[in-house]
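In what follows, chains are A, B, ... by sequence order, proteins preceding strands, each numbered from 1.
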Protein chains: 2
Amino acid sequence: MTQEMQQATSHVRTFRRHEFLARADERQNCVLRIEEGWAAQYRLVPDGRRQIITLFLPGDYCEPQWLLQGRATLPIVALTRVRARALPHARIQARAPHEEDSMTRVLDAMLVLLRNREKWIFNLGRMTATERLCNLLCELYARLQARNRVVQDRCAMPLTQYDLADIVGISPVHVNRVLQTLRGDGLLDLKGRWMQVRDLAALQRLGDVATEPGPGMPRAA
Amino acid sequence: MTQEMQQATSHVRTFRRHEFLARADERQNCVLRIEEGWAAQYRLVPDGRRQIITLFLPGDYCEPQWLLQGRATLPIVALTRVRARALPHARIQARAPHEEDSMTRVLDAMLVLLRNREKWIFNLGRMTATERLCNLLCELYARLQARNRVVQDRCAMPLTQYDLADIVGISPVHVNRVLQTLRGDGLLDLKGRWMQVRDLAALQRLGDVATEPGPGMPRAA
DNA sequence: CGGCACAATTCACATAAGTTTGCTTTACCA
DNA sequence: TGGTAAAGCAAACTTATGTGAATTGTGCCG
């Protein structure tokens, strides 16, 4: 396959752990679809603090915005070894020649992103460490299940406790504490890159505390 | 102007404080543009916790998603008396008969929303109470300035300390503590629905701690 | 003008979560 | 296969922030 043909069609790229899929403000002429491995979009403070904004799992598209802006906003790093397919913008646009159709697809993706972020603003702002972690683990479990990556009650869990900490906005030590408790209570087991969910219902109860507001006044107390 | 004509064109609605501009999952056939007053989109926990997800100031459009989904997802409540113009979807779509053009407008709005939420996930996850508050106040100041609502170093600040708490994800009491400190340090003055920014630079320094990541590895410590 | 409700303030105390450090286990590479 | 670095784990201690409750302003409506 010639260089030109690779440009015109999609091609596969692989990244080692800690390698960048994209750097901040880098020009992008492709959208990446993760085929294997996990990646994360994050933001740093010079003093070392890191907050992961978005997690990308197998099957996910990294950043539909690229299509619109032609550039990444935040860096994306591989949390594990990653295999991803790079889809040139031109090719995506060509696939749906009817303008409106391809637009709709992008819009839907953005609505989903928007909803996810809504949820995480809520989590980070008003949930305890335990609630956030349970919520995250449930979400991951569900996302993997949707992609047929859950066997029995087990799924891959390649995130380190440092990664988890940087997602739920707490310290790694505290992540460990909470996980110990959850394990002790028989809710789940995190061992060697794998997660076994022993009591999904309980986990969801802990993590999904939010409800739609009733007819009352907000903060009427 | 007859009732029918008002339906076909835009019309103005007013809301008292604590009144809903929209309830969760309510059908919407208009997009609201705030003309006067402040409103907020939020999410509750039954036990009383509230997290504000988005703040709407004069000039803001509430929820471009409505255009796409035809319904609100989260409730929106008036934090002050609000005057808003309701723009029927049909009218908006008609204004830009060239499909692509109106789409682009909506997409841009969503990109902005997405960026804002990125920022707040970061703030809530990794910034201290003081940093978050400074950041918020700077943001509000800038937004009001962009709308020509800052005179000298003063602008309106109709949010109660409870509201502020529910935005930055801390307790009202702690909001008060931080505000006292900022006032004591001569950075700003919050008094009677008005904010006077005495040292914008210092405020920004406290609030805008984040930087683009250098060439190093994230979390390489 | 006076009262009433809500907002701001303050203080004493409680606690969740951060920090530091050291040890142990695991995973990975030569 | 063993050595090395990263990850997990644990305990002691510190700190930021939360809670509860009481006090003082402040604006608003009759």
Is the closest side-chain donor-acceptor distance between [X] and [Y] under 3.5 Å?
X: B/Tyr61; Y: B/Arg33; value: yes
X: A/Arg117; Y: A/Thr54; value: yes
X: B/Glu131; Y: B/Asn135; value: no

Between B/Thr130 and B/Arg81, name the one whose nearest nucleotide on DNA chain D is closer to the 5' end.
-> B/Thr130
Grab the [atom1]-[atom2] distance between [X] and [N] for me, whole Å please.
X: A/Gln51; N: C/dG18; atom1: CD; atom2: P; result: 12 Å
X: B/Ile170; N: D/dT17; atom1: CD1; atom2: P; result: 7 Å
X: A/Asp189; N: D/dG8; atom1: CG; atom2: P; result: 14 Å
X: A/Leu190; N: C/dT26; atom1: CG; atom2: P; result: 14 Å
X: B/Arg132; N: D/dG18; atom1: CZ; atom2: C1'; result: 13 Å
X: B/Arg49; N: D/dT19; atom1: CZ; atom2: C1'; result: 14 Å
X: A/Leu179; N: D/dG8; atom1: CG; atom2: C1'; result: 10 Å
X: B/Met127; N: D/dA16; atom1: CE; atom2: P; result: 16 Å

Is it true that B/Asp163 and B/Arg50 make a salt bridge, defined as a side-chain N closer than 4.0 Å to a carboxylate O?
-> yes
Please confirm whether the backbone N or O of B/Val12 pairs with a side-chain atom of B/Arg83, one donor and one acceptor, at under 3.5 Å?
-> no
Of the listed nucleotides C/dT10, D/dA10, C/dA17, the one nearest the side chain of B/Val173 = C/dT10
With the side chain defined as heavy atoms from C-beta on, A/Ser171 is closest, among D/dT19, C/dA17, C/dG18, to C/dG18
Report yes if some heavy atom in the side chain of B/Cys138 is under 4.5 Å from a heavy atom in the side chain of B/Asp208; otherwise report no.
-> no
A/Val77 side chain near A/Tyr42 side chain, heavy-atom distance below 4.5 Å | yes
Please write out the pairs of protein N or O atoms and N or O atoms of nucleotides 3-8 of chain C separated by less than 3.5 Å, giving the distance to one decimal.
unit_1, atom_1, unit_2, atom_2, d
C/dA7, OP1, B/Arg17, NH2, 2.3
C/dA7, O3', B/Arg193, NH2, 3.2
C/dA8, OP1, B/Arg193, NH2, 3.1
C/dA8, OP2, B/Gln161, N, 2.7

5′-ward residue of the pair A/His174/A/Gly192 relative to DNA chain C | A/His174
